Amino acid sequence: MPELPEVETVARGLQREVAGQKILGVTLGQTDFIDNPAAIERELPGRRIVRVERYGKFLLLRLGAREDAPEQKEDAALLVHLGMTGLLMPQSDTEPQAKHTHVILLLGDGRELRYIDPRRFGRIAYLAGDGLSRELQRFGADPLETSLEQFAQAIQHRRARIKALLLDQSVIRGVGNIYADESLWKAKIHPIQLGARLGGAQVKELYARLQEILRKAIQLRGSSISDFLDAEGVPGEYQLHHRVYGREGKRCFRCKTTIRRAIVAGRSSYYCPNCQRAPRDGKKPGRGKAGKQRRTKR
DNA sequence: CTCGATCCCTGGACGC
DNA sequence: TGCGTCCAGGGATCGA
């Protein structure tokens with residue numbers, strides 16, 4: 001569930017806590033979600049974490065040059081995606097290792113930067129040079145940095161549902177299920193509305209509300225629904241400000257209509273059927289797993 | 001291009 | 001108390 005505001009919160013915390021630290025050693029646990037574990041063990045020791053940034057839902061730990069090859073100026077970074085349940089935080093080496101701790105970076109000051117992820121939906125990769133820039137190019141613009149014109153360009157000629165477009169990281173990077181639903185509710189747009197069917201005023205409203213919600217959520221250190229914690233181990237507070245997400249069956253904060261849930265783009269989508277009018281010709285949202293046969297696993 | 005289905009994974013909720 | 005089942009969800013992938 002970590003989305004843009006949660007990842008931004010973690011990035012800021014890590015920038016404060018571990019930027020400048022040298023990585024002395026790497027210990028790996030389960031590696032089935034790591035792109036190239038051997039590269040991580042080989043490339044990280046001896047390098048400094050020069051800066052921690054957010055890129056969409058990724059944390060980008062920018063790495064300095066290797067000590068044994070200081071003339072090498074190639075950009076290198078450790079990409080960390082928190083998936084659903086990932087935590088990345090510095091801990092004292094005396095702190096007991098939490099269950100599902102899969103990566104430990106020993107730091108120059110004696111602390112350990114630990115990656116904990118029960119479901120392993122996250123992703124970790126060491127990338128450098130062209131490989132790094134190619135990877136970053138796969139993603140759309142950051143919603144907090146893009147202009148209204150760019151945002152409209154990315155949305156208005158697409159025939160996919162707006163909810164699917166908001167979730168598509170190659171269209172806009174960083175938005176996930178919670179902030180997609182919250183911004184659509186605030187902008188009074190139905191999740192199954194097609195991008196190309198949105199009017200200019202609607203696109204402008206969505207752009208503004210999305211930015212407003214993301215900024216407010218960052219201020220409150222993100223949403224902690226189940227297990228999100230920031231780099232200091234502190235939960236966020238934006239979940240207290242959710243207007244539709246997770247509110248199926250409850251009353252709309254604007255008009256008191258009962259909030260509904262439907263599967264759109266394969267994800268639970270919460271919306272107010274009164275405030276967010278369905279398009280006349282809109283395809284019906286799917287029912288997802290309800291009513292679907294579950295195949296027996298061998 | 002866009003869609004739905006499927007898989008990855010574990011813990012929490014729920015029924016009995 | 002304990003067991004089985006269902007479900008959540010970001011993203012990759014595949015076939016329609």
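Just so it is clear, the structure is predicted and the values come from calculations on it, not from any experiment. Each chain gets a letter, A, B and so on, in the order its sequence line appears, and its residues count up from 1.
- Listed nucleotides: B/dC9, C/dG10, B/dG11. Nearest to the side chain of A/Asp32: B/dC9.
- Nucleotides of DNA chain B nearest to A/Gln30 and A/Ala160 differ in position, and the one nearer the 5' end is that of A/Ala160.
- Residue A/Arg123 has no polar side-chain atom (N or O) positioned under 4.0 Å from OP1 or OP2 of C/dG10.
- Taking side-chain N and O atoms only, A/Tyr245 has a distance below 4.0 Å to OP1 or OP2 of C/dG9.
- Spacing between atom CZ of A/Phe139 and atom P of C/dA12 amounts to 7 Å, rounded to whole angstrom units.
- Of the possible polar contacts, none joining the A/Glu41 side chain to the A/Val26 backbone as a donor-acceptor pair under 3.5 Å is found.
- Of the listed nucleotides (B/dT10, B/dG4, C/dG9), C/dG9 has the atom at the smallest distance from the side chain of A/Arg267.
- Distances shown here put every side-chain N or O of A/His157 at or beyond 4.0 Å from the OP1 or OP2 atom of B/dC1.
- Contact annotation: A/His81 side-chain N/O to C/dG11 OP1/OP2 distance is under 4.0 Å.
- Between A/Arg120 and B/dT10 there is a side-chain N or O to OP1 or OP2 distance below 4.0 Å.
- The neighbour count for A/Arg254 CZ, taken as heavy atoms of other residues, nucleotides or ligands under 6.0 Å away, is above 12.
- Just one residue in the list A/Leu78, A/Leu82, A/Leu79 forms a side-chain contact (heavy atoms from CB on, under 4.5 Å) with A/Phe58, and that residue is A/Leu79.
- Between C/dG11 and A/Lys57, a contact under 4.0 Å exists linking OP1 or OP2 to a side-chain N or O.
- There is no side-chain donor-acceptor pair under 3.5 Å between A/Thr85 and A/Arg119.
- Residue order along DNA chain B, read from the 5' end via each residue's closest nucleotide, puts A/Leu165 first among A/His100 and A/Leu165.
- Which of C/dG10, B/dT2, C/dG11 sits closest to the side chain of A/Asn177 comes down to C/dG10.
- For the pair A/Phe121 CZ and B/dC7 C1', the computed distance is 8 Å after rounding to whole Å.
- Between A/Arg119 and A/Val175, it is A/Arg119 whose nearest contact on DNA chain C lies nearer the 5' terminus.
- Look at CZ on A/Arg173: it is 13 Å from P on C/dG11, rounded to the nearest Å.
- For A/Gln169 and C/dG11, the shortest distance from a side-chain N or O to OP1 or OP2 is below 4.0 Å.
- To the nearest angstrom, P of B/dC1 lies 16 Å from CG of A/Leu194.
- The A/Pro118 side chain lies nearest to B/dT10 when the options are B/dC1, B/dT10, B/dC3.
- Residue contacts for A/Asp117: at a heavy-atom cut-off of 4.0 Å it reaches no nucleic acid atom on any strand shown.
- At the phosphate of C/dG9, OP1 or OP2 sits under 4.0 Å from a side-chain N or O atom of A/Ser268.
- Considering only side-chain atoms of A/Glu3, the nucleotide from C/dG10, B/dG4, B/dG11 that sits closest is C/dG10.
- A straight line from NE2 of A/His102 to C1' of B/dC8 spans 13 Å, rounded to a whole angstrom.
- Under a cutoff of 6.0 Å and an axis angle of 45°, A/Arg247 and A/Tyr270 do not form a cation-pi pair.
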